[in-house]
Amino acid sequence: MSIVRFNAVRESLSRENFVINEKGSRSKKFGNHVFNEERMLQFLTKDALATVKEAIFSGAKIDRKIADQVAEGIKSWAITMGATHYTHWFQPLTGTTAEKHDAFFDVLSDGRALEKFGGGQLVQQEPDASSFPSGGIRNTFEARGYTAWDPTSAAFIYDKTLCIPTIFVSYTGEALDNKAPLLRALSAVDEAATAVAKYFDKNVTKVNATLGWEQEYFVIDKSLAYSRPDIVLTGRTLVGHHAAKGQQLDDHYFGVIPSRVLNFMKELEVECIKLGIPVKTRHNEVAPNQFELAPVFEEANLAVDHNLLLMDVMDKIADKHNLKVLFHEKPFAHINGSGKHNNWSLATDTGTNLLSPGSTPMKNLQFLTFFINTIKAVDTYEELLRSSIASASNDHRLGANEAPPAIFSIFIGTQLSSVLDELEGVSKGKLSPEEKTELKLNVVGKIPEILLDNTDRNRTSPFAFTGNKFEMRGVGSKTNCSKPMTVLNTIVAKQLIDFKKEVDELIDDKNLKKDEAVFNILREYIKTSKRIRFDGDGYSKEWEKEAKKRKLSNNKTTPEALKVLTSKQSLDLFKSMNVMSEVEVSARQEIELESYIMHVQIEGRVFNELVYSHIVPAALAYQNKLLKTVLGLKEIYGNNYKSMAAAQLTILEQIAEHINEIKTKTDTMTQARRDANNLKDLSKKAFAYCDNVKPYFDEIRYHSDKLEQLIENELWPLTKYRELLFTK
């Protein structure tokens with residue numbers, strides 16, 4: 001009997017339900033652990049409050065004197081909340097967050113103690129950066145890194161620690177994190193979108209990119225998770241035969257939430273509310289033991305911080321409930337994986353969603369302007385956008401008949417397609433009075449009406465318009481949203497700058513009126529970006545052929561997808577928009593390739609352990625058990641034993657065949673790993689792991705899963721899918 005597996009199952013079945021009894025209104029608790037405007041009014045001077053607000057709104061710098069005042073206010077508040085330490089909370093290029101805690105406590109020269117925290121500690125720290133990925137940006141002797149306060153994302157208290165969101169840069173000033181490029185991209189889209197929005201409303205002075213993410217995840221019992229070496233080390237099951245029942249009955253989707261998970265969700269939401277994370281929706285997802293959580297949309301930088309914080313909180317709360325959260329995009333084969341849909345839009349400081357139609361033709365022309373420019377941006381940079389969601393884990397999900405395909409396309413629906421077809425026929429140059437009337441009344445004016453029931457029904461479109469926002473669906477469940485949001489906001493900013501330049505030229509040089517110039521440029525964009533629009537089945541062979549004709553990229557693996565990062569077009573884009581330098585972009589490409597290699601390498605090593613320490617020994621044990629049975633029959637019945645032992649002999653042959661195959665494939669895979677490790681060029685090494693090592697994983701799994709079917713249940717050492725997915 002497999003002691004670890006059966007003990008884990010027994011323990012999971014004996015769990016007591018951790019009941020949560022929430023008291024009080026959530027609205028009154030919201031943001032209690034956040035140094036938000038309400039706390040600022042209590043703990044900051046008028047000058048400090050005004051300066052911080054200006055920094056949040058316009059990015060103005062905060063001088064050291066004011067920083068000292070802010071630090072004193074934050075410290076006073078934090079101590080009243082029971083905080084004993086503070087940390088600069090940042091996003092190194094590992095995909096997660098990092099923190100180093102320092103106590104407020106300090107000792108004076110005369111031996112007295114006090115709580116100390118000044119502007120210097122608030123604004124900047126120098127954590128050792130030597131072990132964080134840098135992509136060759138800094139030398140070992142320049143290992144220092146600097147964290148710098150980001151006042152646009154409020155400080156918060158978690159686990160008695162004051163957390164200060166910061167950027168992370170190298171000794172020589174290059175960004176070593178995901179937040180700094182995102183902030184630059186958000187600044188770029190703010191400036192570009194504000195300039196275009198002024199065509200329609202002179203009162204607009206700022207545009208914020210907004211983000212609403214949808215976090216999908218699996219939850220399984222902690223003991224079951226830790227009984228599987230592959231889950232512990234890679235976040236997914238490398239082997240495992242699918243259970244007889246999976247998701248085919250659709251009975252889990254939107255079903256009754258299991259009580260253990262519901263109590264986990266309740267406590268999670270309580271913590272989120274205190275931390276200012278506006279969680280709103282929870283439900284069962286399609287696959288067994290798969291769930292989703294979604295918040296109200298927020299300003300993009302804050303939304304990214306909240307998503308990263310959420311994942312950390314989820315891990316800690318789940319552990320209290322003896323559960324394990326799996327964020328891997330494909331933790332289980334044969335059932336749906338998990339994504340993190342990114343719902344993106346642009347909102348003005350006057351309260352207008354620029355991707356939402358309005359009550360007048362002019363407001364609808366504003367909508368069309370930002371709508372069509374976004375389509376044009378995605379069309380121009382679709383390959384770069386694909387690269388922003390590339391990872392070893394997301395490769396298992398993209399294009400797996402459950403999630404968006406690797407080919408980027410935009411779904412807008414038949415009604416909006418008809419509107420764009422009408423606009424494509426707009427006359428070049430000046431418009432006649434009749435044409436203006438037709439456009440305003442029957443084309444542009446009717447947009448709100450046609451959108452009333454124009455919900456997106458193409459649930460696997462990579463980039464879909466969903467009424468008042470675009471939804472980017474390819475983002476992986478454990479991906480830092482900073483990466484796709486940095487790219488998306490950068491390309492839209494670049495496109496809006498180009499658009500304004502072209503419109504102004506028509507107004508100045510051709511003497512066209514503003515709306516005529518806008519219609520003329522939009523007409524050309526509709527024509528030149530037609531290839532990216534697709535409303536059909538993204539998995540059909542016909543679409544793949546059609547996409548190739550349209551010259552859309554189809555980068556199915558991470559090494560393929562990452563090549564575009566250092567293309568001339570990409571480097572020029574990031575440089576011209578002041579988002580990333582060539583050094584910073586190249587560093588990220590190197591880091592992403594290294595990460596891909598390491599993830600596949602670790603999985604290869606885990607396969608070795610599973611095969612030689614778990615699977616083959618179990619197969620040999622059962623083989624020996626069958627052999628004893630066959631020999632016993634032969635001893636009793638002599639030559640007549642063969643007819644009586646026919647089934648056993650067949651199973652013995654099948655087991656022997658699978659053992660030989662699994663050993664051969666594992667040894668060949670190991671050698672392919674060694675060969676890949678000898679390559680010096682990082683790109684070639686990544687492709688070697690992708691093309692020469694990874695394909696063996698499915699072959700090894702096939703023979704392992706066949707052995708799981710053949711071997712006696714009590715001898716199989718690895719917790720099975722039916723136990724992992726259906727133990728509530």
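All values derive from a computational prediction rather than experimental measurement.
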Open item on the list: Taking side-chain hydrogen bond (donor to acceptor under 3.5 Å, both in side chains) as the criterion, tell me which of K376, E424, E502 meets it with Y525.
Closed with: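 Looking at K376, E424, E502, the match for Y525 under the side-chain hydrogen bond (donor to acceptor under 3.5 Å, both in side chains) is E502.
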Task: Test applied, side-chain hydrogen bond (donor to acceptor under 3.5 Å, both in side chains); reference residue, T147; option that passes from K100, Q124, H88 - done: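 Looking at K100, Q124, H88, the match for T147 under the side-chain hydrogen bond (donor to acceptor under 3.5 Å, both in side chains) is H88.
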Can a side-chain donor-acceptor contact be found between [Y] and [X] if the only test is distance below 3.5 angstrom?
| X | Y | result |
| --- | --- | --- |
| N353 | S345 | yes |
| N301 | S153 | no |
| S553 | E382 | yes |
| T360 | N364 | no |
| S482 | N480 | yes |
| Q69 | D47 | no |
| K340 | Q215 | yes |
| D305 | W89 | no |
| N178 | K483 | no |

TODO: Run the numbers on E298 and T210 for side-chain contact (heavy atoms from CB on, under 4.5 Å), then give the verdict.
DONE: CA-CA 5 Å; E298 302 176 281; T210 62; over 6 Å; no
- [ ] For the pair R26 and E269, evaluate salt bridge (Lys or Arg N to Asp or Glu O under 4.0 Å) and give the outcome as yes or no after the intermediate values.
- [x] CA-CA 9 Å; R26 288 190 174 185; E269 290 176 358; 2.8 Å; yes
For [Y], does its backbone N or O pair with a side-chain atom of [X] as donor and acceptor, under 3.5 Å?
| X | Y | value |
| --- | --- | --- |
| D379 | I375 | no |
| N373 | T369 | yes |
| R39 | V34 | yes |
| R473 | H341 | no |

So which heavy atom on [X] is nearest to which on [Y], and how close?
| X | Y | answer |
| --- | --- | --- |
| R184 | N578 | CD-O, 3.4 Å |
| Q91 | D177 | O-CB, 2.8 Å |
| F156 | P165 | CE2-CG, 4.2 Å |
| L346 | V207 | CB-CG1, 3.9 Å |
| T96 | P92 | O-CD, 3.7 Å |

Please examine the side chains of [Y] and [X], heavy atoms only from C-beta on, and report whether any two atoms are closer than 4.5 Å.
| X | Y | value |
| --- | --- | --- |
| L496 | K500 | no |
| E584 | P181 | no |
| L423 | R523 | no |

TODO: Walk me through it: do F534 and I532 pass the test side-chain contact (heavy atoms from CB on, under 4.5 Å)?
DONE: CA-CA 6 Å; F534 176 67; I532 200 71; over 6 Å; no
Is a salt bridge present between [X] and [Y], judged by a nitrogen-to-oxygen distance below 4.0 Å?
| X | Y | value |
| --- | --- | --- |
| E505 | K510 | no |
| E271 | K274 | yes |
| K75 | E72 | yes |

Open item on the list: Go through it in stages, so that I can follow the logic: the residues are F35 and L44, the test is side-chain contact (heavy atoms from CB on, under 4.5 Å), and I'd like the CA-CA distance, side-chain angles, deciding distance and then a yes or no.
Closed with: CA-CA 11 Å; F35 195 68; L44 295 187; 4.0 Å; yes
Open item on the list: Assess the residue pair F463 and F411 against the criterion (ring pair (Phe, Tyr, Trp, His ring centres under 6.0 Å)); give the C-alpha distance rounded to whole Å, side-chain angles, the decisive distance to 0.1 Å, and a yes or no.
Closed with: CA-CA 6 Å; F463 202 88; F411 173 92; over 10 Å; no
- [ ] Answer yes or no for K206 and F57: cation-pi contact, defined as NZ/CZ to six-membered ring centre under 6.0 Å and angle to ring axis within 45°.
- [x]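 Output yes; distance and angle both within limits.
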Task: Rounded distance [0.5 Å steps], NE2 in H306 versus CG in L275 - done: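 Separation between the atoms: 7.5 Å.
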- [ ] Write out all pairs satisfying salt bridge (Lys or Arg N to Asp or Glu O under 4.0 Å) with one or both partners inside residues 58-71, taking only residues at least two apart or from two chains.
- [x]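 Salt bridge (Lys or Arg N to Asp or Glu O under 4.0 Å) check on residues 58-71 returns no pairs.
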Open item on the list: Parallel, tilted or perpendicular: which one describes the rings of Y199 and F499, with boundaries at 30° and 60°?
Closed with: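 Rings of Y199 and F499: perpendicular, as their planes differ by over 60°.
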Open item on the list: Run N342 and E471 through side-chain hydrogen bond (donor to acceptor under 3.5 Å, both in side chains) and show every step you take.
Closed with: CA-CA 6 Å; N342 276 208; E471 185 175 5; over 6 Å; no
Open item on the list: For F367 and F465, I'd like to know if the aromatic rings sit close, meaning centre-to-centre distance below 6.0 Å.
Closed with: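 Under 6.0 Å, so yes.
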Open item on the list: Working note: F200 + L354, criterion side-chain contact (heavy atoms from CB on, under 4.5 Å); need CA distance, chi angles, decisive distance, verdict.
Closed with: CA-CA 11 Å; F200 309 98; L354 294 172; over 6 Å; no
